[in-house]
Amino acid sequence: MHSKTKVRLAVLFMWMLGFGAWYFVSYDVLQSYLDLLNHEHVVTFSPIALWIPIGGLGLVLYLIFMTPKAFYHGKTIVQIESPQTRVKWNKIVLYFIPIGVAFAAGWTYHTFDLMDKYGYVYSDELNRNAGTSIYRKWVRSM
């Protein structure tokens, strides 16, 4: 297989994996919040996953702006970008991480406030068998 073809396939894989993971987690976080707003009986919530929609946006922007150029030329991103560009993108990606953590902290307090307001209580029974303990479940008390 030609080296440019390998690089193009790697770029496509990197784009699908990076954007797909970010989209999947962001969509799941949004659905959990919409379940809370719609007063569903069981609501899942993860303060850990909450930083990804904003914190991962820097990586998504990097993929959007840098991978098309790498795909077009059939070269790796390291071969295409200059050291100054790499430093700028590293700063952009790293700045989004603490912004995402701050967003997650604020949104967590907002979500817990809504849970108290709508009458949700933490469910020990539903969370007992949770594998990763990232997503916790609350049940609406009647």
Open item on the list: Quick one, I77 with M14, criterion side-chain contact (heavy atoms from CB on, under 4.5 Å). Give me CA distance, side-chain angles, the key distance, then yes/no.
Closed with: CA-CA 11 Å; I77 294 173; M14 183 176 67; 3.6 Å; yes
Open item on the list: Counting C-beta onward and ignoring hydrogens, is there a side-chain heavy-atom pair between F19 and L59 closer than 4.5 Å?
Closed with: no
Task: Pairs touching residues 99-111 that satisfy salt bridge (Lys or Arg N to Asp or Glu O under 4.0 Å), sequence neighbours left out - done: none
Open item on the list: Walk me through whether E40 and R140 qualify under side-chain contact (heavy atoms from CB on, under 4.5 Å).
Closed with: CA-CA 7 Å; E40 296 290 329; R140 188 164 178 220; over 6 Å; no
TODO: With sequence neighbours excluded, tell me which residues meet ring-ring contact (aromatic ring centres under 6.0 Å, His included) with F24.
DONE: none
Task: Partners meeting side-chain hydrogen bond (donor to acceptor under 3.5 Å, both in side chains) with D35 (sequence neighbours left out) - done: none
TODO: Give me the other members of the hydrophobic cluster that F13 sits in, counting Ile, Leu, Val, Met, Phe, Trp and Tyr linked by side-chain heavy atoms under 4.5 Å, directly or via other members.
DONE: L17
Tell me which donor-acceptor pairs under 3.5 Å the side chains of residues 87-96 have, and how far apart each pair is, sequence neighbours excluded?
unit_1 : atom_1 : unit_2 : atom_2 : d
N90    : ND2    : R86    : O      : 3.4

Open item on the list: Side-chain heavy atoms nearer than 4.5 Å, only ILVMFWY residues, links allowed to pass through others: does that put Y122 and F112 together?
Closed with: yes
Open item on the list: Can you list everything that forms a side-chain hydrogen bond (donor to acceptor under 3.5 Å, both in side chains) with H73? Sequence neighbours excluded, please.
Closed with: none
Open item on the list: Rounded at 0.5 Å granularity, tell me how far CD in Q31 sits from CG in N38.
Closed with: 9.0 Å
For residues 102-109, which side-chain N or O atoms pair as donor and acceptor with protein atoms under 3.5 Å away, sequence neighbours left out?
unit_1 : atom_1 : unit_2 : atom_2 : d
T108   : OG1    : A104   : O      : 2.6

Open item on the list: Tell me whether E81 contacts the main-chain N or O of V78 through its side chain, where contact means a donor paired with an acceptor under 3.5 Å.
Closed with: no
- [ ] For Y72, check ring-ring contact (aromatic ring centres under 6.0 Å, His included) against everything at least two apart and list the hits.
- [x] none
Task: Under the side-chain hydrogen bond (donor to acceptor under 3.5 Å, both in side chains) test, residues paired with Y33 that sit two or more places apart - done: H110
Open item on the list: Within a 6.0 Å radius of atom CH2 on W22, are there more than 12 heavy atoms belonging to other residues, nucleotides or ligands?
Closed with: yes
Open item on the list: Do V29 and I54 sit in one hydrophobic cluster, given that two such residues count as connected whenever their side-chain heavy atoms are within less than 4.5 Å of each other, even indirectly?
Closed with: yes
Open item on the list: Quick check: do L50 and F45 have side-chain heavy atoms less than 4.5 Å from each other?
Closed with: yes
Open item on the list: With a 4.5 Å cut-off on side-chain heavy-atom distances among I, L, V, M, F, W and Y, is there a chain of contacts connecting I97 to F65?
Closed with: yes
TODO: Taking the side chain as every heavy atom from C-beta outward, state whether L114 and L37 have any atom pair closer than 4.5 Å.
DONE: yes
TODO: Applying side-chain hydrogen bond (donor to acceptor under 3.5 Å, both in side chains), name anything that partners S32, two or more places apart in sequence or on another chain.
DONE: T44
Task: Nearest heavy atoms of L63 and G18, plus distance in Å - done: CD1-CA, 3.8 Å
Open item on the list: Starting from Y62, can I reach M16 by hopping between I/L/V/M/F/W/Y residues whose side chains sit under 4.5 Å apart?
Closed with: no
TODO: Among residues two or more places apart or on two chains, list those pairs meeting salt bridge (Lys or Arg N to Asp or Glu O under 4.0 Å) that have a residue in residues 101-118.
DONE: none
Task: By ring-ring contact (aromatic ring centres under 6.0 Å, His included) - contacts of F71 (at least two apart) - done: none
- [ ] Report yes if some heavy atom in the side chain of L36 is under 4.5 Å from a heavy atom in the side chain of Y120; otherwise report no.
- [x] yes
Task: Same cluster (ILVMFWY, side-chain, under 4.5 Å), Y23 and L61 - done: yes
